[in-house]
Amino acid sequence: MTACASPAETPQPVFHSTKDVFHDPVLPFEIMSGSITIAGDVHRAPGSNPHDVMIVIGGSGSHLRSDVAPAIPMFLNDEVAVAIFDRRGSGSSTGTLQTPGTINSEWQIPVLADDVSAVANSLSAMGFERIGVVGSSMGGWISIAAAARSDLIDYVVAINGGASSVAVSDAFDSLTNQGLSIDQAIIQLDGVSLSKSYSPEADLARIDQPILWIMGELDDSNPTQLDLEVVERWKQKGKRFQTIVIDGADHNFINVETGEPSLAWLQTVSEFARIEGGQ
């Protein structure tokens, strides 16, 4: 399943929850991103008045706010609200929905990042003092690009995406789909001619915010090993980057042996948000 996939892709969330998330106090919003209207909701825990908020961004198959709604109870607490929104051209957001792909990611990810930046501006105007962005798969790249464009974003959690270029990630995914093992695909990538695509290098150079990168050890869609190399290179240059690799987990943080979701990383995200968000 590619990070920037075909129209047939259905949402494959790393966000696992069976809780009903629609009884929380909800503040709907409609904001402008250029000439486009972006519609979404801010969820708060009952009786809370949080000063912090996390914007959740799903992967290439997540178009509607309902696609990422399972993430709400994963991150929501008395101190942190959760914001979700319909991607441009979907649901109540205007504009044209573009099918994500390797080549069009070069312009599409920056455009979607501008939408996230507009949401961050609105949340700040609502009175939220600290704003984090959590992005999964394609949402990882969008999160990185948004943070590079907005000083209002205080931290990023990038899950299984955001370090290697889209072309590298999609080529790796194509090789594993052909039956190559993860290690074989990494080796084979050296001889692959890559398409033009979005690369996070310029945004990573600009970014000053701390980033927590969370990756699945056995992700056969996005190359964890190559992402770790990119992150380590930037850490050596002084970037405030941290990494977690989840043993035995695939792209959706499902343990490949047990079939169970891996959720132990949530506590680390909570601590990261508390420290880096300035709580």
Side-chain angles (χ1 to χ4, degrees), residues 1-16 33 36 38-40 55-71 83-117 119 133-148 156-178 185 194-200 203 213-216 219-224 226-227 249-254:
M1 191 70 67
T2 55
C4 286
S6 67
E9 181 184 0
T10 56
Q12 295 291 321
V14 71
F15 307 123
H16 306 283
S33 178
I36 300 298
I38 300 296
I55 305 171
V56 178
I57 307 168
S60 56
S62 298
H63 303 148
L64 301 172
R65 68 192 89 169
S66 58
D67 293 333
V68 294
I84 57 176
F85 61 91
D86 296 330
R87 193 163 287 173
R88 61 168 53 208
S90 301
S92 299
S93 294
T94 63
T96 302
L97 176 64
Q98 298 284 342
T99 301
T102 306
I103 295 174
N104 72 14
S105 67
E106 188 173 24
W107 60 263
Q108 187 173 167
I109 284 176
V111 166
L112 296 175
D114 286 340
D115 295 343
V116 176
S117 298
V119 171
V133 181
V134 181
S136 171
S137 193
M138 179 181 170
W141 287 301
I142 297 170
S143 300
I144 298 299
V156 172
V157 179
I159 301 172
N160 280 337
S164 301
S165 71
V166 173
V168 166
S169 179
D170 285 356
F172 170 82
D173 179 79
S174 177
L175 290 169
T176 58
N177 282 343
Q178 294 171 33
L194 298 175
S195 304
K196 291 183 64 177
S197 73
Y198 170 77
S199 169
D203 288 331
W213 308 78
I214 310 177
M215 311 173 196
D219 186 347
D220 62 359
S221 179
N222 188 69
T224 290
L226 299 184
D227 274 18
D250 67 7
H251 189 66
N252 297 314
F253 288 175
I254 301 295

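Just the heavy atoms: all of them, side chains too, but no hydrogens, waters or symmetry mates, feed the values below.
Side-chain atoms of V166 and M138, non-hydrogen and from C-beta on, never get closer than 4.5 Å to each other. Using a 4.5 Å heavy-atom threshold, the side chains of V156 and I144 count as touching. Considering only heavy atoms from C-beta on, R65 stays 4.5 Å or farther from V56 through its side chain. Residues R88 and V111 have side chains in contact (heavy-atom distance under 4.5 Å, counting atoms from C-beta outward).
Checked by atom type and distance alone, the side chain of D203 never pairs as donor or acceptor with a backbone atom of P200 at under 3.5 Å. Between the side chain of S165 and the backbone N or O of V168, at least one donor-acceptor pair lies under 3.5 Å. At least one donor-acceptor pair under 3.5 Å links the side chain of S105 to the backbone N or O of Y198. Within the 3.5 Å criterion, the main-chain N or O of A39 finds no donor-acceptor partner in the side chain of S92. Between the side chain of D250 and the backbone N or O of G216, no donor-acceptor pair lies under 3.5 Å. Side-chain atoms of R87 never come within 3.5 Å of backbone atoms of L112 as a donor-acceptor pair (strictly under, hydrogens ignored). With hydrogens and angles disregarded, a donor-acceptor distance shorter than 3.5 Å links the side chain of S93 to the backbone of D86.
Side-chain polar atoms of D227 and S164 form a donor-acceptor pair below 3.5 angstrom. Under 3.5 Å, the side chains of D115 and S33 contain a donor-acceptor pair of N or O atoms.
Contact record, A163 with W141: N-NE1, 4.1 Å, taken as the closest heavy-atom pair. Among all heavy-atom pairs drawn from T176 and D220, the shortest one is OG1-O, 2.6 Å. When all heavy atoms of I214 and F253 are compared, the closest pair comes out as CG2-CZ, 3.5 Å.
Heavy atoms from other residues, nucleotides or ligands lying under 6.0 Å from CD1 of I103 number 12 at most.
Among N222, D219, T224, the single residue meeting the side chain to side chain donor-acceptor pair (under 3.5 Å) criterion with H251 is D219.
The structure places CG of D170 at 6.5 Å from CG of D173, a figure rounded to the nearest 0.5 Å. Here CD of Q98 is found 6.0 Å from CD of Q108. Values are rounded to the nearest 0.5 Å.
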